There are 2 protein chains.
Amino acid sequence: MKVESAQNPDLERAADMIMDAVRKRRAVLIVGRCWVDYLGRASSRLGRGERIIMIKEDGALLIHRPRGYEPVNWMPGGEVAYHVEAGPYQSSDRREASGCSMVLRIKSVRRRPRETLNIFFDEVYFVSVLNLTDHGEFSLYASEEDMQRAILAQPSLIEDGLRMISYEKKVDPGFVDVYGIDKEGRIVVIEIKRRTAGKEAALQLARYVESIKASTNRDVRGILVAPGIAKGVQRLLTVLGLDFKQLDPKRCVEVIKRSRGDDLLKYFR
Amino acid sequence: MKVESAQNPDLERAADMIMDAVRKRRAVLIVGRCWVDYLGRASSRLGRGERIIMIKEDGALLIHRPRGYEPVNWMPGGEVAYHVEAGPYQSSDRREASGCSMVLRIKSVRRRPRETLNIFFDEVYFVSVLNLTDHGEFSLYASEEDMQRAILAQPSLIEDGLRMISYEKKVDPGFVDVYGIDKEGRIVVIEIKRRTAGKEAALQLARYVESIKASTNRDVRGILVAPGIAKGVQRLLTVLGLDFKQLDPKRCVEVIKRSRGDDLLKYFR
DNA sequence: TGCTAAATCTCGAAC
DNA sequence: GTTCGAGGTTTAGCA
């Protein structure tokens with residue numbers, strides 16, 4: 001069975017299912033009325049309400065409210081210890097449980113950083129223990145690295161006559177994404193941004209260029225490569241003596257994938 | 001009913017439940033075997049596998065693999081449009097569905113930024129439609145703002161004789177967290193970090209101090225306040241002529257909460 | 001609406 | 001182990 005569920009289990013039954021699932025390293029879904037305390041890198045308190053709790057095979061825990069992308073409380077997976085128990089209400093369960101005599105407690109602890117998450121339920125509407133198999137491959141395209149690869153494979157994306165020399169070369173202030181030699185023989189430093197570049201990108205590139213200039217007698221140019229630049233950044237680039245080259249990440253994907261004839265786009269419209 | 005579930009529903013039934021839930025703005029949990037395409041700020045592809053899908057009341061969608069804190073694919077809540085349907089396998093459903101003739105499709109689209117998420121199921125193990133009520137209050141303590149408040153309430157946390165003047169005063173390069181006058185009458189600029197401060201914090205503070213110095217004839221000191229400093233930052237501070245004051249965010253919480261006699265810590269050990 | 005800084009950021013890679 | 005940087009970052013606070 002992929003899924004073992006219980007509707008409106010009593011708190012002991014829910015505790016048994018959850019404990020068992022955590023021990024067997026199975027994912028669990030819990031829907032119930034709970035309140036939550038967190039202490040670790042910060043501290044937080046969440047009043048009573050109905051939420052979805054997900055515990056994953058590696059111990060990762062997520063508490064989701066009915067709205068929003070982010071969990072309200074969580075515990076990252078890895079070295080996490082769990083204590084699950086149902087028992088009579090205690091003073092340490094906080095004053096949230098008004099009329100209830102029984103409480104289900106899930107305590108999740110990790111060290112380094114030391115963090116503790118306490119969840120208290122007075123109602124559990126639903127528990128589901130999952131036995132999932134997932135070996136699917138995940139690929140993310142059009143990353144900054146893909147843009148690098150595309151430029152190295154086809155430097156004319158930037159300008160004619162450009163020859164690439166290296167990439168991600170370390171220099172004093174940080175990293176140069178790509179650099180090469182232009183048709184005039186000048187060193188070209190390229191800073192790549194996958195998204196609209198802001199002034200930070202321009203300033204970073206300026207630092208790179210200065211750093212290279214300090215170690216050579218040759219002319220050094222800086223080119224900011226991005227799908228676009230934020231307002232006012234062109235002026236900053238001009239002041240700094242830098243160039244901008246518009247380049248779409250999706251075009252880079254096409255350059256990389258062209259040989260495969262892989263038309264990813266046809267699945268969308 | 002808080003929860004309406006179906007075990008191993010056929011794909012049409014699952015589609016009906018999900019469509020209905022989305023229309024009624026109810027949260028849904030889906031467990032099934034699926035593959036996923038995303039196109040928007042980047043592009044991604046996820047091969048077939050068993051996962052947990054959560055759609056929330058505001059349209060937020062999360063696809064969780066059996067491990068890890070983060071969803072593998074997602075759609076933030078807000079202005080998201082959904083199309084849900086079950087139907088015969090089509091070529092646009094990609095080659096993942098090997099032996100299956102029917103496919104359940106969930107398509108999620110948002111504009112600005114334009115993003116499309118396509119989920120294809122060939123098996124649905126479980127669907128649950130939730131009717132949740134959650135008005136619980138969430139409080140996060142020991143934020144940077146809490147540290148500000150604590151210092152303003154009790155400047156001796158930094159040093160004796162310090163008087164606070166203002167906080168979050170805007171200056172040229174960004175913001176001053178807090179500033180005041182020390183017992184020698186010098187202006188004191190305080191940069192607060194809730195976590196171990198790195199060199200960026202020191203450099204930012206140096207910029208603040210320079211900015212203040214430029215607009216006054218008085219002596220100006222800079223103090224970096226944080227629970228700790230990263231290795232090598234003390235040397236940088238010395239070079240820059242800045243001070244460091246160790247301050248624990250939890251102590252700030254105590255200062256703020258003291259009057260209430262609120263002992264948050266007793267719930268943990 | 002757009003930008004900036006913080007996050008219990010998480011995650012992975014490099015040192 | 002620690003540090004550093006990227007992320008489909010998200011989110012909140014403002015100009």
Side-chain angles (χ1 to χ4, degrees), chain A residues 36-46 58 60-63 67-78 108 110 112-117 138-148 168 170 173-175 177 192-201 204 228-233 249-250, chain B residues 36-46 60-63 67-78 108 110 112-117 138-147 168 170 173-175 177 191-196 198-201 204 230-233 249-250:
Chain A
V36 184
D37 287 347
Y38 161 76
L39 184 64
R41 288 166 290 175
S43 328
S44 76
R45 234 176 214 220
L46 177 61
D58 61 347
L61 184 150
L62 306 158
I63 303 173
R67 291 168 171 276
Y69 161 82
E70 289 192 329
V72 58
N73 281 111
W74 71 90
M75 194 67 97
S108 173
R110 77 160 169 169
R112 212 150 51 247
R114 173 76 179 183
E115 294 185 294
T116 308
L117 189 66
F138 179 72
S139 340
L140 181 65
Y141 304 94
S143 60
E144 226 162 73
E145 200 184 340
D146 286 329
M147 293 180 74
Q148 272 191 13
E168 280 203 342
K170 287 185 191 70
F175 297 88
D177 286 316
I192 301 171
K193 288 292 160 194
R194 209 180 46 70
R195 302 176 60 182
T196 302
K199 61 184 177 191
E200 337 75 50
Q204 195 175 17
I229 45 174
K231 207 162 47 181
V233 175
K250 291 193 186 64
Chain B
V36 185
D37 288 346
Y38 161 77
L39 184 62
R41 286 167 291 177
S43 328
S44 75
R45 238 178 211 218
L46 176 62
L61 185 151
L62 305 159
I63 303 173
R67 291 166 171 277
Y69 161 81
E70 290 189 329
V72 59
N73 281 110
W74 71 93
M75 195 67 99
S108 174
R110 78 160 168 168
R112 211 155 46 251
R114 174 76 179 183
E115 294 184 295
T116 308
L117 189 66
F138 180 72
S139 339
L140 181 64
Y141 304 94
S143 62
E144 227 163 72
E145 201 185 339
D146 285 330
M147 292 180 74
E168 279 201 343
K170 286 184 192 70
F175 297 88
D177 286 315
E191 163 83 9
I192 301 171
K193 288 291 160 195
R194 207 178 48 70
R195 301 176 59 182
T196 302
K199 60 185 176 192
E200 337 74 50
Q204 197 176 17
K231 207 161 50 182
V233 175
K250 291 192 186 65

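A note on names: the letters A, B, ... follow the listed sequences, proteins ahead of strands, and every chain is numbered from 1. It should be emphasised that the depicted structure is a prediction, and the values quoted were computed from it without experimental measurement. Below, all heavy atoms of this structure are taken into account, side chains as well, without hydrogens, waters or symmetry copies.
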Rounded to the nearest 0.5 Å, how far does [atom2] of [Y] lie from [atom1] of [X]?
X	Y	atom1	atom2	result
B:Arg110	B:Leu117	CZ	CG	11.0 Å
B:Ser108	B:Trp74	OG	CH2	12.5 Å
A:Thr116	A:Met75	OG1	CE	6.5 Å
A:Leu46	B:Phe138	CG	CZ	6.5 Å
B:Leu39	B:Arg45	CG	CZ	11.0 Å

>> When you measure from the side-chain N and O atoms of B:Arg41 to the phosphate of D:dT10, is any distance below 4.0 Å, counting only OP1 and OP2?
In response: yes

Whole angstroms only, please: what is the [atom1]-[atom2] distance between [X] and [N]?
X	N	atom1	atom2	result
A:Gln204	D:dA6	CD	P	7 Å
B:Leu140	D:dG13	CG	C1'	16 Å
B:Leu62	D:dG8	CG	C1'	13 Å
B:Arg110	D:dG8	CZ	C1'	9 Å
A:Leu61	C:dT10	CG	P	13 Å

> Expressed as a whole number of Å, how far does the P atom of D:dG8 sit from that of D:dC4?
Replying inline: 22 Å

> Using the P atom in both, what is the distance from C:dT8 to C:dT4, to the nearest Å?
Replying inline: 22 Å

>> Any heavy-atom pair between the side chains of B:Val36 and B:Val72 that's under 4.5 Å?
In response: no

>> Contact between B:Ile63 and B:Pro71 at the side-chain level, heavy atoms closer than 4.5 Å - yes or no?
In response: no

> At under 4.0 Å between heavy atoms, what does B:Phe138 touch on the DNA or RNA strands: base, sugar-phosphate, or nothing?
Replying inline: base

> Hey, does B:Arg112 reach any base, or is it just sugar-phosphate, or nothing, if we go heavy atoms under 4.0 Å?
Replying inline: sugar-phosphate

> Residues from residues 69-76 of chain B sitting under 4.0 Å of DNA chain D, heavy atoms only?
Replying inline: B:Asn73, B:Trp74, B:Met75, B:Pro76

> Start at the 5' end of DNA chain D and walk down; is the nucleotide closest to A:Gly68 or to B:Glu115 reached first?
Replying inline: B:Glu115

